[in-house]
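Counting starts at 1 for both ligands and their atoms, in listed order. In this text the structure is predicted, and so the values were computed from the model without any measurement.
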Amino acid sequence: MNLAFWKNEGDDTAGQVDFSRLPRHIAIILDGNGRWAQRRGLPRTAGHKVGAETFRTIATYCRDIGIDYLTVYAFSTENWKRPKDEVGTIMTLLRRYLLEAIDTMERDNVRLRFMGDLTPLSGELRALVDRCNAISDRLSGCQCCICINYGGRAELVHAAQCFAGDCAAGAVKPKDLTEESFEQYLYSGGIPSPELLIRPGGELRLSNFLLWQCAYAELYFTDVLWPDFTKAELHRAIAAYQSRDRRFGAV
Ligand code: FPP
């Protein structure tokens with residue numbers, strides 16, 4: 001395998017990674033955009049703009065090295081509490097990304113999927129989501145899941161409501177519910193759980209992200225702020241994951 005292709009200029013972090021043993025699914029909390037900007041005397045929105053660029057770079061790289069699923073936390077159910085212009089900037093960046101994706105997904109064989117309650121989004125954004133979903137249905141490649149207006153607890157409540165609805169309709173019985181069948185009611189139904197969760201930005205918590213799916217994920221925290229996150233950082237996270245002893249409760 002030619003590692004030089006994947007190496008960042010001037011660093012040897014790719015050498016720490018066994019590319020034949022990559023996680024199938026990586027989840028990332030895109031944190032630290034605001035601080036990145038504030039440290040430079042810039043408005044917080046500037047951090048989100050650079051953060052969106054970083055996302056493009058890392059998502060493309062994940063596809064290139066053969067990661068099957070990448071899930072990112074782009075906007076939480078709590079993020080509506082932020083100033084209006086900040087929320088507006090994030091929505092504009094998402095819109096721009098979806099418009100680009102519509103032009104490039106087929107060429108790149110990258111599927112997009114969305115997790116969260118999309119009903120409060122603008123009609124235009126929801127229409128773009130629908131177009132991305134329709135294109136994804138025809139594709140088979142790497143899947144990038146973007147969590148928008150997402151909260152792990154809300155996802156579990158939504159899944160429970162859907163299951164209760166099926167029970168009320170007589171389609172299923174409460175006693176037949178299993179972990180496997182419950183998973184199909186989650187936004188992530190059909191996607192394997194992430195093996196590796198990366199949180200840049202220095203905070204050591206999950207912040208309501210993928211609470212069910214990350215039950216056995218290896219957690220990797222770094223002080224690097226998301227806009228500064230590089231392929232080398234990704235190599236470090238994957239190397240850390242590969243060094244862990246994953247026992248799943250066994251000995
Ligand atoms: C958290 O950093 C980041 C967000 C709430 C927004 C992330 C959104 C983007 C990068 C833009 C669009 C995304 C895609 C996928 C195209 P923070 O602002 O909480 O950082 P802080 O902790 O330093 O304040």
Side-chain angles (χ1 to χ4, degrees), residues 25-63 67 69-105 108 110-118 120-122 124-126 128-129 131-133 136 142-152 154 187-188 194 197-210 221-230 233-234:
H25 186 171
I26 297 179
I28 309 181
I29 299 176
L30 310 179
D31 195 20
N33 295 345
R35 278 166 287 162
W36 183 92
Q38 281 164 338
R39 283 177 197 174
R40 287 163 177 76
L42 298 168
R44 292 174 55 81
T45 48
H48 296 312
K49 287 178 190 159
V50 180
E53 287 306 318
T54 304
F55 163 72
R56 282 184 182 82
T57 305
I58 296 299
T60 304
Y61 186 62
C62 283
R63 181 206 65 194
I67 302 294
Y69 300 93
L70 173 69
T71 299
V72 295
Y73 206 1
F75 194 83
S76 76
T77 45
E78 289 73 35
N79 286 153
W80 297 107
K81 296 177 205 154
R82 295 184 176 214
K84 222 172 157 186
D85 73 312
E86 188 171 338
V87 171
T89 297
I90 295 171
M91 294 300 155
T92 301
L93 291 168
L94 284 167
R95 176 181 169 277
R96 194 172 300 160
Y97 180 74
L98 299 194
L99 280 168
E100 273 170 34
I102 286 165
D103 285 340
T104 56
M105 295 162 72
D108 298 341
V110 170
R111 290 176 290 165
L112 280 190
R113 178 162 172 161
F114 302 89
M115 292 173 36
D117 173 11
L118 305 185
L121 303 184
S122 71
E124 189 198 8
L125 211 46
R126 278 186 283 130
L128 292 175
V129 164
R131 284 172 68 188
C132 289
N133 285 334
S136 298
C142 160
Q143 189 166 76
C144 184
C145 305
I146 304 181
C147 297
I148 309 175
N149 192 30
Y150 174 88
Y187 295 129
S188 58
L197 169 75
I198 301 173
R199 180 166 192 159
E203 310 287 3
L204 307 180
R205 54 179 172 256
L206 289 181
S207 297
N208 205 14
F209 189 44
L210 302 179
F221 298 102
T222 169
D223 287 337
V224 171
L225 305 174
W226 175 248
D228 287 330
F229 197 92
T230 56
E233 265 318 304
L234 185 72

Specify the protein heavy atom at minimum distance from [atom]: its residue, its atom name, and the distance to 0.1 Å.
{"atom": "atom 21 (P) of ligand 1", "value": "R35 NE, 3.6 Å"}
{"atom": "atom 4 (C) of ligand 1", "value": "H48 CE1, 3.7 Å"}
{"atom": "atom 6 (C) of ligand 1", "value": "A74 O, 3.2 Å"}
{"atom": "atom 5 (C) of ligand 1", "value": "N79 OD1, 3.5 Å"}
{"atom": "atom 9 (C) of ligand 1", "value": "N33 ND2, 4.2 Å"}
{"atom": "atom 3 (C) of ligand 1", "value": "L30 O, 2.9 Å"}
{"atom": "atom 16 (C) of ligand 1", "value": "Y97 CB, 3.7 Å"}
{"atom": "atom 11 (C) of ligand 1", "value": "L93 CD1, 4.0 Å"}

For [X], the ligand 1 atoms whose distance to one of its heavy atoms is below 4.0 Å:
{"X": "L94", "value": "13 (C), 14 (C)"}
{"X": "I90", "value": "6 (C)"}
{"X": "A52", "value": "10 (C)"}

Atom [atom1] of [X] and atom [atom2] of [Y]: how far apart are they, to the nearest 0.5 Å?
{"X": "K49", "Y": "T92", "atom1": "NZ", "atom2": "OG1", "value": "8.5 Å"}
{"X": "I29", "Y": "L197", "atom1": "CD1", "atom2": "CG", "value": "5.0 Å"}
{"X": "L128", "Y": "L112", "atom1": "CG", "atom2": "CG", "value": "11.0 Å"}
{"X": "R39", "Y": "L225", "atom1": "CZ", "atom2": "CG", "value": "4.5 Å"}

Hey, what's the ring geometry for Y150 with F209, parallel, tilted or perpendicular (30° and 60° as the breaks)? perpendicular
Looking at G51, is its backbone amide N or carbonyl O close enough to the side chain of W226 to form a donor-acceptor pair, meaning the two atoms are under 3.5 Å apart? yes
For N133 and S136, does a side-chain donor sit closer than 3.5 Å to a side-chain acceptor?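 There is no such pair (donor and acceptor under 3.5 Å, judged by atom type) between the side chains of N133 and S136.
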Side chain, backbone, both or neither: which part of R82 comes within less than 4.0 Å of ligand 1 when only heavy atoms are counted?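 Near ligand 1, R82 shows its side chain, while the N, CA, C and O stay back.
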Which residues pass the ring pair (Phe, Tyr, Trp, His ring centres under 6.0 Å) test with H48, sequence neighbours left out?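 So H48 forms no ring pair (Phe, Tyr, Trp, His ring centres under 6.0 Å) with any residue.
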Taking N or O atoms only and a 3.5 Å limit, does [X] qualify as a polar contact for ligand 1?
{"X": "Y73", "value": "no"}
{"X": "W226", "value": "no"}
{"X": "I146", "value": "no"}
{"X": "R44", "value": "yes"}
{"X": "G51", "value": "no"}

Taking atom CZ of R131 as the centre, does the number of heavy atoms from other residues, nucleotides or ligands within less than 6.0 Å exceed 12? no
Salt bridge (Lys or Arg N to Asp or Glu O under 4.0 Å) contacts in which one or both residues fall within residues 87-105, not counting sequence neighbours: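 Salt bridge (Lys or Arg N to Asp or Glu O under 4.0 Å) check on residues 87-105 returns R56-E100, R95-E124.
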Closest non-hydrogen atom pair between I26 and L234, with its separation: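 In terms of heavy atoms, the two residues are closest at CD1-CD1, 4.4 Å.
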Closest non-hydrogen atoms of A74 and L30, given as atom of the first, atom of the second and distance, are CA-CD1, 4.3 Å
Check for me whether G201 has a heavy atom closer than 4.0 Å to any atom of ligand 1.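 So G201 does not count as touching ligand 1.
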With a 4.0 Å cut-off on heavy atoms, does F55 reach ligand 1?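 True for this residue.
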